[in-house]
Amino acid sequence: MPRWLTVSLWIIGQCALLAGDSDPASQARAVWRAAQKGGDAWTCLQLEAWGRAQQPIIKLGPVLGPSVILGNPSLTFPSTIQAMRDVGDRIVVVAAQRAWVLAPDGRPLQPSLLLPRGEPTIASDGQFVLTIAAEGSPWRVVLTRIADGKPVLSTEIPVAEGQQRTPQRAIAHDGSAVAIGVTSPVPNGPPQERVLVFKPGEPKPLELAVRAQPLAIGPAGSWLIVGGGNEWTVTTREQPLLASSVASGQGIAVCLAEGNKLWRIAQDGSRSELAGVPPLGDQPRVFALGEWLVLATGQGAKTAREDLLGDTAQETVLPPRMALWRWHDLARDPTAQPVTTLVGRPAIDRSQPAALWLWNESRVELCDLSGENPATRPVIPDAGAHVLWVENDGPLIRVHARDQICAYYDWEGRELWRGPAHGLRAWRHNAAIVERREGDRFAYVLVRLASDPNARAEISLAALPPQRMGMRIPLFQPDLLVANNDQGRWWVLGFDGAIQHVRPPDQNFPPPPIVGMAPSWRHDAAAGRFFALGARLIPARFSAATPALASGEDLIDAWRTEAGTWLLDRSGRLVLLPAREREQSMQLAGPPHALFLALGKDLAVQTPGQQLWRIERGPPWKLEAAPGPAEALPSGPWKVDRLSFGIPRGKHLQWDEERLGWKPVRLRSPAQSGLFVITPAVLLELREAEAARYFGR
């Protein structure tokens with residue numbers, strides 16, 4: 001039996017014990033004991049960090065004894081986050097070969113699950129994780145139930161030469177079917193697209209010659225939705241439907257097809273018209289949000305009034321409306337009526353698991369769908385203009401009005417900026433980039449956002465050429481932006497609008513990675529209270545608070561000298577945590593393509609091409625380019641050799657990635673220090689052999 005399966009089956013019994021305990025403190029203690037017994041040290045660290053943040057403090061552990069932890073393990077993970085899903089009462093995160101289930105406050109709800117190796121996909125309701133190990137042939141496909149760690153589907157399929165999988169995968173709500181899109185090369189033609197449908201207990205997948213973009217699949221594959229944009233195909237046991245809008249939940253689907261008809265696709269694949277549908281206008285659409293089906297009626301819907309004789313007297317144009325059904329009502333009763341109908345146009349609030357923007361004329365409301373019934377409240381009572389669209393933009397609310405006027409608001413409904421814009425993007429809670437166009441000429445402005453109009457500022461970026469640019473700004477620090485054009489050239493500018501660096505046209509270097517971690521705020525991204533930043537979960541409504549350690553970028557190295565502990569992050573930034581408590585921590589803006597720490601006379605930063613940046617002693621501390629060669633940092637008292645280490649006066653151990661499901665960025669052993677375990681978000685300094693044994697074999 002595979003080791004990962006043995007551990008998963010052990011967790012089944014643990015989860016059964018925890019399920020009935022609703023007190024957070026008691027549940028946390030039970031999960032901590034289960035994780036500690038199973039060698040799941042990171043879950044223990046997350047729980048200990050959660051306990052320290054409670055009032056009064058809840059003491060747990062420490063699982064690693066007197067070890068030193070730099071950084072806050074809460075809402076962090078030992079490897080880069082690969083997938084996450086906020087489903088309301090819990091957040092599911094997959095990093096490396098582990099799945100974590102957290103409460104919204106960061107408290108682990110069960111020991112983490114060891115998954116088979118592969119690319120993960122989390123089901124929309126957070127009940128399953130699909131992993132595909134696709135290195136060579138055959139591909140290994142495993143569907144794991146998160147509640148107990150049990151694999152409900154596990155199979156291998158041979159792969160033809162050149163066959164590729166698409167990013168789209170669909171998982172039935174009960175785990176009874178999985179759909180995976182694949183493409184195969186065709187000589188002198190476009191790739192052949194197919195969808196493979198897997199079912200537990202069946203040795204071979206069903207191959208369907210449809211677009212390789214599965215969105216949703218019914219129980220046992222009774223129906224399948226594929227496509228994208230406004231072109232969807234719904235395959236059932238009846239004639240396929242071509243739909244302009246689709247949604248699914250609780251094993252059923254709803255699609256808009258055949259001239260604005262709304263069809264309900266049952267769990268067995270049969271279809272019937274949806275009941276209680278209000279009049280529809282232009283471009284209606286449906287979408288799923290949490291436990292709800294949402295219908296936006298579109299513009300220009302009409303209703304007819306009859307005179308006393310029963311003849312049609314006049315048609316009345318209705319304002320845009322939104323109708324809401326509960327999925328479980330529709331699954332049980334094909335004639336279920338909408339729970340409510342509200343006036344306004346809806347859009348998903350991406351900073352919550354189940355909420356909608358709803359606007360009409362100049363009024364913007366928020367409709368909360370997390371409870372038993374919808375609850376609306378005004379957010380912007382009067383936007384000062386006819387609102388065309390509302391959406392999340394990073395940590396802010398962006399409102400589009402007529403005549404190319406846009407505005408930003410905070411979550412208290414306070415206006416932060418208003419002005420003309422053809423395009424705009426907020427990267428921080430207090431800064432945005434505004435794009436303005438005149439013909440084929442583009443101009444960009446950095447906007448300082450503030451609720452006080454006198455504190456706002458617009459800084460022209462006229463130093464850039466008047467052409468279309470891509471922009472990146474770090475979410476927290478430093479205050480700079482990187483602009484790039486379609487030809488691959490890039491510029492680094494300060495927040496004063498002055499150019500600090502330009503990539504020479506004869507050099508093929510990428511832009512500094514210091515801005516590479518900022519997420520893309522996609523309008524179709526999954527809704528939720530957090531987004532992934534490397535190995536951290538950052539609140540969607542984040543503020544100026546900088547994440548623990550460095551600049552929010554992933555750590556890549558650490559070392560200790562007489563001056564204190566040095567931390568190197570992915571951006572090249574160095575942070576010194578001084579040995580003396582009375583001294584302040586210090587940051588150095590290092591080389592943008594840092595690889596690791598090395599020795600070059602004293603401590604130095606190694607970059608590609610054997611280039612060294614030596615740390616010159618302070619005060620003031622500074623980094624200066626120096627000729628090589630570099631010397632590797634010593635193996636130290638823990639005899640570190642890559643991912644192996646020797647316990648002082650004890651045996652030599654190898655990092656046990658198979659059991660743990662993750663590995664550190666690197667191990668280090670400075671003189672007169674414990675074993676440094678460097679992870680992207682947290683630095684562990686293990687002081688005792690017992691703590692080290694959690695990670696070695």
Side-chain angles (χ1 to χ4, degrees), residues 3 7-8 10-11 13-15 17-18 21 24-54 56-79 93 95-103 105-114 149 535-537 548-549 555 558 638 643 645 647-648 650 653-665 667 669 673-697:
R3 199 169 209 175
V7 175
S8 296
W10 170 83
I11 291 175
Q14 301 298 330
C15 293
L17 294 174
L18 303 176
D21 199 340
S26 299
Q27 189 183 55
R29 292 187 181 97
V31 175
W32 188 94
R33 289 192 295 269
Q36 188 267 346
K37 183 177 179 181
D40 182 7
W42 198 273
T43 295
C44 292
L45 294 175
Q46 291 175 324
L47 284 162
E48 292 167 18
W50 173 84
R52 289 191 294 270
Q54 305 308 301
I57 292 175
I58 299 171
K59 294 183 179 180
L60 298 168
V63 67
L64 299 181
S67 299
V68 176
I69 303 172
L70 296 179
N72 185 354
S74 181
L75 297 175
T76 70
F77 303 88
S79 298
V93 177
Q97 287 179 254
R98 285 270 174 185
W100 279 265
V101 182
L102 309 174
D105 62 357
R107 171 173 53 91
L109 297 175
Q110 64 182 60
S112 64
L113 296 174
L114 186 62
R536 298 174 175 85
L537 290 182
L549 298 179
L555 290 179
W638 288 76
L643 292 183
F645 55 94
I647 295 175
L653 299 177
Q654 181 72 29
W655 189 271
D656 195 350
E657 184 180 359
E658 179 186 1
R659 174 176 58 84
L660 296 169
W662 61 275
K663 62 182 180 181
V665 178
L667 303 176
S669 178
S673 301
L675 175 65
F676 278 17
V677 178
I678 301 159
T679 72
V682 174
L683 171 62
L684 306 178
E685 183 184 352
L686 308 182
R687 295 287 183 86
E688 292 183 344
E690 184 176 351
R693 291 192 183 99
Y694 268 99
F695 306 104
R697 57 175 170 82

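Basis for what follows: all heavy atoms, side chains included, without hydrogens, waters or symmetry-related copies.
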Taking atom [atom1] of [X] and atom [atom2] of [Y], what is their separation to the nearest 0.5 Å?
X: Leu102; Y: Leu109; atom1: CG; atom2: CG; result: 7.0 Å
X: Leu675; Y: Ser669; atom1: CG; atom2: OG; result: 6.5 Å
X: Tyr694; Y: Cys44; atom1: OH; atom2: SG; result: 6.0 Å

Find out whether [X] and [Y] are in side-chain contact, i.e. whether some heavy atom of one side chain is under 4.5 Å from a heavy atom of the other.
X: Pro664; Y: Ile678; answer: no
X: Val665; Y: Leu555; answer: no
X: Leu45; Y: Val682; answer: no
X: Trp638; Y: Leu667; answer: no
X: Phe77; Y: Arg98; answer: no
X: Ile69; Y: Leu683; answer: no
X: Leu653; Y: Phe695; answer: no

[X] versus [Y], closest heavy-atom pair with distance:
X: Thr76; Y: Ala681; answer: CB-CB, 3.8 Å
X: Leu60; Y: Arg29; answer: CD2-CG, 3.5 Å
X: Ala41; Y: Leu64; answer: CB-CD2, 4.4 Å

Which residues satisfy the ring-ring contact (aromatic ring centres under 6.0 Å, His included) test with Phe645, sequence neighbours excluded?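 Scan of Phe645 (ring-ring contact (aromatic ring centres under 6.0 Å, His included), adjacent residues dropped) gives none.
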Hey, is CD on Glu690 packed in by over 12 heavy atoms from elsewhere, all under 6.0 Å?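 Counting neighbours around CD of Glu690, 12 or fewer heavy atoms of other residues, nucleotides or ligands fall under 6.0 Å, so no.
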Who passes salt bridge (Lys or Arg N to Asp or Glu O under 4.0 Å) against Glu48, sequence neighbours left out?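 Glu48 satisfies salt bridge (Lys or Arg N to Asp or Glu O under 4.0 Å) with no other residue.
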Contacts of type side-chain contact (heavy atoms from CB on, under 4.5 Å), residue Ser673, not counting sequence neighbours: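 Only Arg560, Pro670, Phe676, Glu685 meet the side-chain contact (heavy atoms from CB on, under 4.5 Å) criterion with Ser673.
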